Amino acid sequence: VQLQASGGGFVQTGGSLRLSCAASGRSFRNSHMTWFRQAAGKEREFVAVIGSNGVHTKYADSLKGRFTISRNNDDNAVYLQMNSLKPEDTAVYYCAGPRYGSSWYRAELPVEYDYWGQGTLVTVSS
């Protein structure tokens, strides 16, 4: 099972990026999927989660209104549209698939995930 994240890069404050995460080896269409991020010297933190049908979403409070998570189950992919980027958004962004039986209500906890992408670096300059 592989989760391949892409789309990171260097952008100026106020810019936008769209991250993609392509899954292979198994289908995640029946699972919620999540983005986390980890800045240098900090713990991995929750960014956003999307339910299996793409309807239900949840975001970190500090990111609401700027980031949008979406998915395409036919392509076995999940996306993160990031707008109005700030220097504090600089981090490695990871997509993650939950362990079997993991609850939506624990979706913000990294320990609930067995499948991780390799990460894609987002750098926002001031």
Side-chain angles (χ1 to χ4, degrees):
V1 178
Q2 275 196 323
L3 296 176
Q4 183 72 36
S6 61
F10 184 92
V11 64
Q12 292 186 330
T13 295
S16 298
L17 285 173
R18 185 175 188 250
L19 306 184
S20 298
C21 176
S24 61
R26 62 156 282 185
S27 172
F28 287 94
R29 64 172 57 242
N30 294 319
S31 303
H32 56 271
M33 293 293 290
T34 307
W35 286 97
F36 289 85
R37 68 184 183 183
Q38 188 166 18
K42 296 187 177 181
E43 293 187 352
R44 193 164 298 189
E45 65 173 354
F46 168 78
V47 173
V49 59
I50 187 166
S52 58
N53 60 5
V55 173
H56 300 289
T57 59
K58 185 165 52 177
Y59 296 90
D61 287 342
S62 63
L63 303 177
K64 287 179 182 177
R66 296 195 298 122
F67 288 16
T68 303
I69 189 171
S70 61
R71 68 189 296 165
N72 184 327
N73 284 339
D74 290 337
D75 292 340
N76 212 19
V78 63
Y79 308 98
L80 186 68
Q81 177 68 42
M82 306 186 297
N83 298 328
S84 302
L85 283 163
K86 305 175 182 180
E88 51 263 44
D89 294 318
T90 294
V92 178
Y93 285 72
Y94 299 89
C95 58
R99 61 178 176 77
Y100 179 77
S102 181
S103 168
W104 168 266
Y105 299 101
R106 293 174 59 84
E108 299 176 34
L109 303 176
V111 295
E112 292 292 315
Y113 295 83
D114 281 347
Y115 306 98
W116 292 88
Q118 85 288 0
T120 185
L121 176 63
V122 172
T123 304
V124 185
S125 68
S126 57

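Only a predicted model underlies this, so the values are computations on that prediction, with no experimental measurement involved.
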Closest approach of [X] and [Y], non-hydrogen atoms and distance?
X: L3; Y: A23; value: CD2-CB, 3.4 Å
X: S16; Y: S84; value: OG-N, 4.3 Å
X: V92; Y: G119; value: CG1-CA, 3.7 Å
X: G7; Y: L17; value: O-CD2, 3.9 Å

Nearest-0.5 Å distance that lies between atom [atom1] in [X] and atom [atom2] in [Y]:
X: L80; Y: T34; atom1: CG; atom2: OG1; answer: 11.0 Å
X: C95; Y: L19; atom1: SG; atom2: CG; answer: 9.0 Å
X: N73; Y: N53; atom1: CG; atom2: CG; answer: 8.5 Å
X: F67; Y: L85; atom1: CZ; atom2: CG; answer: 5.5 Å
X: R18; Y: S6; atom1: CZ; atom2: OG; answer: 9.5 Å

Within the structure provided, determine whether I50 and V78 are in side-chain contact (heavy-atom separation under 4.5 Å). yes
Could you check whether any side-chain heavy atom of P87 comes within less than 4.5 Å of a side-chain heavy atom of T13, counting everything from C-beta outward?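 Side-chain contact under 4.5 Å: yes.
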Test salt bridge (Lys or Arg N to Asp or Glu O under 4.0 Å) applied to R66 - qualifying residues, sequence neighbours left out: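 Counting only residues at least two positions away or on another chain, R66 forms a salt bridge (Lys or Arg N to Asp or Glu O under 4.0 Å) with D89.
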Under 3.5 Å donor-acceptor, [X] side chain and [Y] backbone:
X: N76; Y: R26; answer: yes
X: S20; Y: Y79; answer: no
X: T90; Y: V124; answer: yes
X: Q118; Y: A5; answer: yes
X: T120; Y: G8; answer: yes

Any idea how H32 and Y113 line up, ring-wise: parallel (<30°), tilted (30 to 60°), or perpendicular (>60°)? perpendicular
M82 and V122: CA distance, side-chain angles, deciding distance, side chain to side chain contact (heavy atoms under 4.5 Å, CB included) verdict: CA-CA 10 Å; M82 306 186 297; V122 172; 3.7 Å; yes
Heavy-atom count check: over 12 atoms from other residues, nucleotides or ligands less than 6.0 Å from Q12 CD? no
Give a yes or no on whether E88 atom CD has more than 12 heavy-atom contacts from other residues, nucleotides or ligands under 6.0 Å away. yes
Show your working on ring pair (Phe, Tyr, Trp, His ring centres under 6.0 Å) between W116 and F36 and close with a plain yes or no. CA-CA 10 Å; W116 292 88; F36 289 85; 5.2 Å; yes
Taking salt bridge (charged side-chain N to carboxylate O under 4.0 Å, His left out) as the cut-off, I'd like each qualifying pair that reaches into residues 69-84, sequence neighbours left out, listed once.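 For residues 69-84: R29-D74.
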Spell out, yes or no, whether W35 and L63 are grouped together once hydrophobic residues are joined by side-chain heavy atoms under 4.5 Å, including indirect joins. yes
Shared ILVMFWY cluster between Y93 and Y59, side chains joined below 4.5 angstrom?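 Yes; tracing contacts between hydrophobic side chains, which count when under 4.5 Å, links both residues.
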Stepwise side chain to side chain contact (heavy atoms under 4.5 Å, CB included) check, N30 with F28: CA-CA 5 Å; N30 294 319; F28 287 94; over 6 Å; no
Under the 6.0 Å and 45° cation-pi test, does R37 pair with Y94? no
Taking only distance into account, with no hydrogens and no angle test, what donor-acceptor pairs under 3.5 Å do side-chain atoms of residues 101-111 form with protein atoms, sequence neighbours excluded?
unit_1, atom_1, unit_2, atom_2, d
S102, OG, E112, OE1, 2.7
S103, OG, Y105, N, 3.0
R106, NE, E112, OE2, 2.7
R106, NH2, E112, OE2, 2.8

